[in-house]
Trainee: 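Structure in structure tokens, see below.
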Amino acid sequence: MPRGRGLSSPSAARLFVLSALLHHLRGLNICTSGSATSCEECLLIHPKCAWCSKEEFGSTKFITSRCDFVENLITNGCAGELETPKSSINIMENLPLSSKGSSLTLSDVTQIMPQKISLNLRPGDKTSFRVQVRQVEDYPVDLYYLMDLSLSMKDDLDNIRNLGTKLAEEMRKLTSNFRLGFGSFVDKNISPFSYTAPRYQNNPCIGYKLFPHCVPSFGFRHLLSLTDKVDRFNEEVQKQKVSRNRDAPEGGFDAILQAAVCKEKIGWRKEASHLLVFTTDDVPHVALDGKLGGLVQPHDGQCHLNEANEYSASNQLDYPSLALLGEKLDENNIHLIFAVTKAHYILYKNFTALIPGTTVEILHQDSNNIIQLIVKAYNSIRSKVELTVWDSPEDVSLTFTATCQDGFLYPGLRKCADLQIGDTVSFEVSVEARSCPAENTSHTFTIKPAGFRDTLEVEVAYNCTCGCTKRMERNSSKCSGNGTYTCGLCECNSGYLGSKCECEEGENGNMYQNMCREAEGKPVCSGRGECSCNQCVCYKSEFGRIYGLFCECNDFSCARYKGVLCSGHGECHCGECKCHAGYIGDNCNCSTETNRCVSNASQMCSGRGNCVCGKCQCTEPGAFGETCEKCPTCPNVCSTKRDCIECMLHNSGGLADNQTCPKHCKDEIITRVDVLKTDDQHSVLCVYPVNNCVMKFTYSELPNGKSNLTVLKEPECGSAPNALTILLAVVGSILLIGIVLLVVWKLLVTIHDRREFARFQSERSRARYEMASNPLYRKPISTHSLDFTFNKLSKSYNGTID
């Protein structure tokens with residue numbers, strides 16, 4: 001089958017996404033890994049890829065060898081026949097910026113430069129151009145005053161009856177070319193938004209005691225086209241009367257849209273700043289609110305003013321959405337100024353975020369500050385520049401970098417503020433094509449400052465076709481007359497094969513099968529290709545490239561790390577990772593560099609671990625950190641932290657001498673206190689001597705990896721010993737000891753005596769003689785008694801014998 005010369009948009013997008021993924025794998029050859037089979041495919045892989053269109057180049061087996069980096073192709077002998085288009089810019093209109101507005105013909109005023117450019121983009125090849133914008137002095141101003149004439153605004157109407165004259169005086173201080181217009185609104189004259197009963201048709205204020213007479217309700221009424229005759233403004237305001245609607249919200253968004261799109265009736269000048277001042281004291285109705293009154297048709301964004309300059313579609317169309325308002329205001333270069341009461345400021349402030357080029361100011365209850373408000377809002381508008389993009393193509397990405405008056409670059413910002421009239425700001429716009437659209441496709445988009453009439457028109461063409469493709473040769477002799485020669489390759493006609501289309505399909509199919517086997521018994525072309533013309537033609541694979549004389553190799557079957565082939569630090573060759581310098585391992589995930597393992601003290605892993613694959617593995621118990629520098633429980637941690645304290649607080653020590661303090665102590669947070677708390681179990685207390693005193697500090701690790709050092713403001717110092725105090729203490733101690741010994745001796749003696757006396761008392765109580773007798777004295781007479789019985793004269797006696 002012949003190869004196609006072009007790519008469909010989806011295929012191009014997929015190939016471009018693949019190239020973006022490959023681009024992040026450092027070390028891989030992005031161009032050769034993309035498996036490009038044509039010049040156009042090669043250009044889509046990466047903007048640095050080039051295609052060699054030389055007829056005899058590289059291997060005839062592998063088409064992808066023609067797609068490579070320019071330097072590689074030149075080295076391989078392809079100088080002079082390279083296809084490597086680049087993105088380009090052509091400035092087509094570049095008028096200089098004007099300095100003043102009203103002093104020139106209005107059509108000659110230029111506030112943006114350049115005015116028109118064309119881009120020729122190669123996908124992925126980013127290019128950039130600079131845009132300059134200047135708010136010119138004395139630029140014409142058209143101001144349309146749009147007022148809420150509901151009943152609550154009666155006092156405001158009284159205060160603006162001479163507004164035109166006063167406002168013109170103030171605005172002419174800012175511009176010599178000023179015009180003023182006037183319009184009013186209430187709400188849709190249908191229920192439930194207004195009073196629709198017959199008795200209210202001519203006077204909706206009937207029955208309202210505070211103000212019994214008013215005009216019928218209306219949606220929007222254009223009263224005065226933009227004019228420099230400010231007396232006419234005063235006259236129109238004098239004629240106006242308030243009306244009354246039923247609900248609190250007003251129909252102001254209907255009025256804003258009509259004032260924006262009815263350019264001819266309002267009188268907006270093309271060469272002027274357009275200001276639309278919207279004054280109200282209540283909230284607005286928004287899209288879908290009209291369904292309450294049966295209005296289901298969305299607003300069409302068109303002008304609907306009738307011959308009486310009244311909004312004729314008020315009772316047919318729903319209220320406009322914020323998106324539609326923003327689109328029409330930007331389309332007609334109108335700056336919308338919300339002048340609202342303080343109670344509704346926040347709501348309208350939120351609207352400004354959704355409607356570009358809009359500002360909001362606080363209006364007093366009786367509108368007595370309206371002139372100051374308008375001047376302030378105008379100065380605010382003129383003090384900023386914001387770029388907007390219209391009709392940006394999907395295939396193109398834009399990034400902005402602003403350079404404002406301070407001279408600094410602000411990437412991603414397309415707005416500058418705090419400008420003076422006449423200041424010039426610039427924006428760097430980077431453009432990149434994401435993919436290739438259909439052939440011969442071109443786009444146009446517009447860059448314009450919000451509220452400006454000036455624009456920058458950008459035409460975009462896509463450089464997706466190689467020059468050699470235009471020089472194709474059909475049925476070329478270089479392809480044996482059987483194919484089309486394009487960009488160094490033959491695209492064979494149906495039924496023919498080979499790099500030169502020299503073989504027919506099936507020719508001598510079985511005769512030379514063994515020439516396509518790596519060894520006898522092995523599959524033909526290793527089972528990964530077909531044998532054609534005595535040589536293997538390898539299959540294509542969505543995973544990568546299959547190659548080799550017998551299709552035995554590929555560049556995607558190597559070891560991976562976290563899903564990345566060879567960890568992104570090597571190339572896959574025939575199933576084996578060939579690591580780049582500085583990496584080892586089966587999947588090249590182990591770095592041999594040790595720079596990340598060296599601590600601030602120039603020690604490998606702070607002496608507390610080993611450097612393995614470019615990372616420290618801490619072996620010291622309690623050590624952690626990228627270089628094992630954190631170790632609250634290590635013996636030498638106090639001395640290490642002491643060096644940082646001395647150099648950072650006192651500019652002393654070894655680190656201060658060799659100017660390495662900021663490097664070594666960058667992660668130390670030092671706090672000085674009067675009293676040191678030592679009861680924190682997560683802190684280590686460190687003490688070291690300082691001039692016969694003791695300095696104390698605590699050390700702890702914070703979750704963010706930094707160290708917290710809490711240090712005493714002053715070291716703790718002891719006073720010199722007093723000799724008299726010591727002598728008195730010694731003598732007192734001796735006396736005290738003596739007294740204590742005497743007391744102890746007296747106590748022991750007393751206890752002993754009491755024990756002896758008690759024993760004596762016990763023995764005495766056991767004696768058998770009376771206490772008054774002497775046991776050593778005996779009486780000389782002793783008396784003995786005998787017991788006997790005898791008869792004498794028949795008498796019995798029992799007693800003693802005398």
Side-chain angles (χ1 to χ4, degrees), residues 145-161 182-224 236-259 262 278-300 302-321 324-325 340-341 343-344 347-348 363 365-367:
Y145 193 89
L146 187 57
M147 184 176 182
D148 177 5
L149 284 186
S150 59
L151 191 58
S152 58
M153 294 287 286
K154 181 181 181 302
D155 55 345
D156 302 75
L157 180 61
D158 295 336
N159 282 332
I160 69 164
R161 297 196 184 277
F182 182 62
S184 62
F185 66 91
V186 182
D187 207 345
K188 296 180 182 296
N189 194 19
I190 59 174
S191 181
F193 310 119
S194 298
Y195 293 94
T196 57
R199 63 190 297 258
Y200 295 116
Q201 286 296 316
N202 297 322
N203 182 13
C205 294
I206 290 178
Y208 188 66
K209 296 181 180 180
L210 296 178
F211 195 80
H213 300 286
C214 58
V215 299
S217 179
F218 57 91
F220 165 66
R221 186 174 292 159
H222 169 53
L223 301 169
L224 177 65
E236 287 297 331
V237 174
Q238 295 284 348
K239 298 176 185 177
Q240 301 311 307
K241 295 181 180 180
V242 294
S243 182
R244 185 187 182 196
N245 58 326
R246 172 170 283 176
D247 60 350
E250 318 291 2
F253 280 6
D254 270 340
I256 292 175
L257 186 61
Q258 293 304 300
C262 298
F278 177 83
T279 62
T280 184
D281 63 348
D282 221 317
V283 299
H285 278 297
V286 295
L288 302 182
D289 283 357
K291 289 188 176 182
L292 296 173
L295 305 180
V296 296
Q297 183 177 352
H299 205 293
D300 57 7
Q302 302 299 317
C303 177
H304 294 283
L305 291 185
N306 57 23
E307 295 180 356
N309 286 332
E310 290 191 357
Y311 179 35
S312 59
S314 178
N315 297 343
Q316 287 82 42
L317 300 178
D318 191 10
Y319 298 98
S321 65
L324 182 60
L325 277 182
V340 298
T341 53
H344 305 294
L347 174 65
Y348 285 90
L363 180 70
Q365 289 293 339
D366 57 358
S367 297

Trainee: Would you name the heavy atoms of Thr279 and Tyr145 that are closest together and state the gap between them?
Mentor: CG2-OH, 3.4 Å
Trainee: With side-chain contact (heavy atoms from CB on, under 4.5 Å) as the test, would you mind laying out the steps for Leu146 and Phe220 before giving the verdict?
Mentor: CA-CA 9 Å; Leu146 187 57; Phe220 165 66; 3.4 Å; yes
Trainee: Taking Asp254's backbone N and O only, do any of them form a donor-acceptor pair with Gln258's side chain (distance below 3.5 Å, no angle check)?
Mentor: no
Trainee: Are the side chain of Asp156 and the backbone N or O of Ser367 linked by a donor-acceptor pair below 3.5 Å?
Mentor: yes
Trainee: So how far is it from Asn245 CG to Asn189 CG, rounded to the nearest 0.5 Å?
Mentor: 10.0 Å
Trainee: With respect to Arg244, which candidate in Cys214, Pro216, Ser152 satisfies the side chain to side chain contact (heavy atoms under 4.5 Å, CB included) definition?
Mentor: Cys214
Trainee: Taking the side chain as everything from C-beta on, heavy atoms only, tell me whether Arg246 gets closer than 4.5 Å to Thr196.
Mentor: no
Trainee: Do we see a donor-acceptor contact under 3.5 Å between the side chains of Asp155 and Gln365?
Mentor: no
Trainee: Can you name the closest pair of heavy atoms from Glu236 and Gln240 and give their distance?
Mentor: O-NE2, 2.9 Å
Trainee: Hey, does Leu223 have a side-chain heavy atom less than 4.5 Å from the side chain of Phe182?
Mentor: yes
Trainee: Can you tell if the side chain of Leu257 reaches within under 4.5 Å of the side chain of Tyr311, non-hydrogen atoms only?
Mentor: no
Trainee: Take the angle between the ring planes of Phe278 and Phe185 and call it parallel below 30°, perpendicular above 60°, tilted in between.
Mentor: parallel
Trainee: Report the residues that fulfil ring pair (Phe, Tyr, Trp, His ring centres under 6.0 Å) with Tyr319, sequence neighbours left out, ordered by chain and then residue number.
Mentor: Phe193, His285
Trainee: Could you tell me whether the side chain of Lys188 reaches within less than 4.5 Å of the side chain of Asn315, counting heavy atoms only?
Mentor: yes
Trainee: Roughly how far, to the nearest 0.5 Å, is CG of Leu363 from NE2 of His344?
Mentor: 11.0 Å
Trainee: Can you confirm whether more than 12 heavy atoms, excluding those of Asn306, are under 6.0 Å from its CG atom?
Mentor: yes
Trainee: Quick one: salt bridge (charged side-chain N to carboxylate O under 4.0 Å, His left out) partners of Lys241, sequence neighbours excluded?
Mentor: none
Trainee: So which pairs with a foot in residues 199-219 pass ring-ring contact (aromatic ring centres under 6.0 Å, His included), sequence neighbours left out?
Mentor: Tyr195-Tyr200
Trainee: Drop me the distance from Asp281's CG to Leu151's CG, to the nearest 0.5 angstrom.
Mentor: 10.0 Å
Trainee: Any donor-acceptor pair under 3.5 Å linking the side chain of Ser184 with the backbone of Met147?
Mentor: no
Trainee: Would you mind reporting whether Pro249 and Val286 have side-chain heavy atoms less than 4.5 Å apart?
Mentor: no
Trainee: Taking C-beta and beyond as the side chain, do Asp247 and Asp187 meet within less than 4.5 Å on heavy atoms?
Mentor: yes
Trainee: Are side-chain N/O atoms of Thr280 and Asp148 paired as donor and acceptor at under 3.5 Å?
Mentor: yes
Trainee: Before you tell me yes or no, could you show the steps for Leu317 and Leu295 under side-chain contact (heavy atoms from CB on, under 4.5 Å), namely the whole-Å CA-CA distance, both residues' side-chain angles and the distance that decides it to 0.1 Å?
Mentor: CA-CA 6 Å; Leu317 300 178; Leu295 305 180; over 6 Å; no
Trainee: Just verifying a value: how many Å separate Asn309 CG and Cys262 SG, rounded to the nearest 0.5 Å?
Mentor: 9.0 Å
Trainee: Less than 4.5 Å apart, any side-chain heavy atom of Ser243 and any of Leu149?
Mentor: no
Trainee: Indicate yes or no for a side-chain donor-acceptor contact from Lys291 to the backbone of Asp318 under 3.5 Å, with no hydrogens or angles considered.
Mentor: no
